[in-house]
Amino acid sequence: MSFKKELLFAPDAIAARVAELAETISKEYADREPVLIGVLKGAFPFTADLIRRVTIPVTVDFIRARSYAGSESSGAVEFLLEPTIDLSGRDVLILEDILDTGVTAQAIRARLRARNPRSLRICTLLDKPSRRTEDIHADYVGFEIRDVFVVGYGMDLDENFRGLPGIHILERDALD
Ligand code: IMP
Ligand code: MG
């Protein structure tokens with residue numbers, strides 16, 4: 001099977017937007033030393049770039065979840081890795097690669113809320129609001145996109161394409 005890739009966001013456009021997000025976060029979380037929690041695997045490049053752009057002290061941790069929303073009607077989410085930092089009383093910011101149906105982010109938010117953070121917000125690099133099934137929105141959004149499947153900058157199709165420096169729309173080749 002072959003795919004056609006169309007560039008949606010070039011590396012410099014991503015870097016510029018990440019810098020803007022970092023500036024906003026640095027202002028809004030000044031003196032709070034927030035805990036930034038990257039959602040693995042997709043958000044690891046975003047997390048790495050963002051923490052090098054913020055101008056305030058931050059603590060970094062990760063969470064990894066697997067959603068069965070596609071294969072089961074339950075929309076069950078399994079946690080494969082959880083933050084080891086004590087989150088109680090902390091200002092926690094979840095870093096997502098992409099907010100699609102919202103099932104994963106909803107489950108992560110509920111899971112982290114149970115650990116009594118002082119505040120809990122979501123920052124997503126990409127937002128696909130047209131696909132949302134859950135009552136959830138991101139507090140910080142890098143780019144809003146239409147309903148397309150994207151890869152690169154951490155995002156994959158069956159573990160492929162994560163290492164692409166830009167974000168591309170992936171289309172199955174019409175000839176296949
Ligand atoms: P949700 O639970 O439906 O919001 O899906 C969130 C997760 O699905 C993301 O963290 C991604 O791992 C994956 N995902 C959703 N849309 C895309 C896409 O367009 N490209 C790659 N991964 C995606
Ligand atoms: Mg994925």
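These numbers were taken from a predicted model, which means no experiment stands behind them. Because only heavy atoms are used, hydrogens play no part in the values below, and waters and symmetry mates are left out as well, while side chains stay in.
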Intermediate values then yes/no, side chain to side chain contact (heavy atoms under 4.5 Å, CB included), Glu33 and Val58: CA-CA 5 Å; Glu33 199 160 341; Val58 296; 5.8 Å; no
How long is the span from the [atom1] atom in [X] to the [atom2] atom in [Y], to the nearest 0.5 Å?
{"X": "Arg131", "Y": "Ile145", "atom1": "CZ", "atom2": "CD1", "result": "10.5 Å"}
{"X": "Ile108", "Y": "Arg64", "atom1": "CD1", "atom2": "CZ", "result": "11.5 Å"}
{"X": "Leu170", "Y": "Leu164", "atom1": "CG", "atom2": "CG", "result": "9.5 Å"}
{"X": "Leu120", "Y": "Leu112", "atom1": "CG", "atom2": "CG", "result": "6.0 Å"}
{"X": "Leu81", "Y": "Ile63", "atom1": "CG", "atom2": "CD1", "result": "7.5 Å"}
{"X": "Thr47", "Y": "Glu96", "atom1": "OG1", "atom2": "CD", "result": "9.5 Å"}

What orientation do Phe161 and Phe3 show, parallel under 30°, tilted 30 to 60°, or perpendicular over 60°? perpendicular
Considering residues, nucleotides and ligands other than Glu23, do more than 12 of their heavy atoms fall under 6.0 Å from its CD? no
May I ask you to check whether over 12 heavy atoms, not counting those of Asp147, lie within 6.0 Å of atom CG? yes
Heavy-atom side-chain proximity of [X] to [Y] below 4.5 angstrom:
{"X": "Ile136", "Y": "Val103", "answer": "no"}
{"X": "Met155", "Y": "Ile98", "answer": "yes"}
{"X": "Asp97", "Y": "Phe46", "answer": "no"}

Short N-O contact, [X] and [Y], less than 4.0 angstrom:
{"X": "Asp127", "Y": "Arg132", "answer": "yes"}
{"X": "Arg121", "Y": "Glu28", "answer": "yes"}
{"X": "Lys5", "Y": "Glu171", "answer": "no"}

Are the side chain of [X] and the backbone N or O of [Y] linked by a donor-acceptor pair below 3.5 Å?
{"X": "Arg17", "Y": "Gly142", "result": "yes"}
{"X": "Asp61", "Y": "Thr84", "result": "yes"}
{"X": "Arg53", "Y": "Asp49", "result": "no"}
{"X": "Lys128", "Y": "Glu144", "result": "no"}

Could you walk me through whether Tyr140 and Ile122 pass the side chain to side chain contact (heavy atoms under 4.5 Å, CB included) test, one step at a time? CA-CA 7 Å; Tyr140 306 95; Ile122 299 174; over 6 Å; no
So salt bridge (Lys or Arg N to Asp or Glu O under 4.0 Å) across residues 101-113, not counting sequence neighbours, yields Glu82-Arg111
Just do the side chain to side chain contact (heavy atoms under 4.5 Å, CB included) check on Val92 and Ile37 with the steps written out, would you? CA-CA 7 Å; Val92 173; Ile37 300 187; 3.7 Å; yes
Start with the C-alpha gap between Lys41 and Arg162, add the side-chain angles, then the distance that decides, and say whether side chain to side chain contact (heavy atoms under 4.5 Å, CB included) holds. CA-CA 9 Å; Lys41 300 177 194 178; Arg162 285 194 204 279; 3.6 Å; yes
Minimum heavy-atom separation for [X] to [Y], with atom names?
{"X": "Ser67", "Y": "Thr104", "result": "CB-OG1, 3.6 Å"}
{"X": "Val77", "Y": "Ala65", "result": "CG1-CB, 3.7 Å"}
{"X": "Leu21", "Y": "Val141", "result": "CD2-O, 3.9 Å"}
{"X": "Ala13", "Y": "Phe143", "result": "O-CZ, 3.8 Å"}
{"X": "Ile94", "Y": "Val39", "result": "CG2-CG2, 3.7 Å"}
{"X": "Pro165", "Y": "Tyr153", "result": "O-CD1, 3.8 Å"}

If you measure only the distance, is there a donor-acceptor pair under 3.5 Å linking the side chains of Arg90 and Ser119? no
If the condition is salt bridge (charged side-chain N to carboxylate O under 4.0 Å, His left out), which residues does Arg146 pass it with, not counting sequence neighbours? none
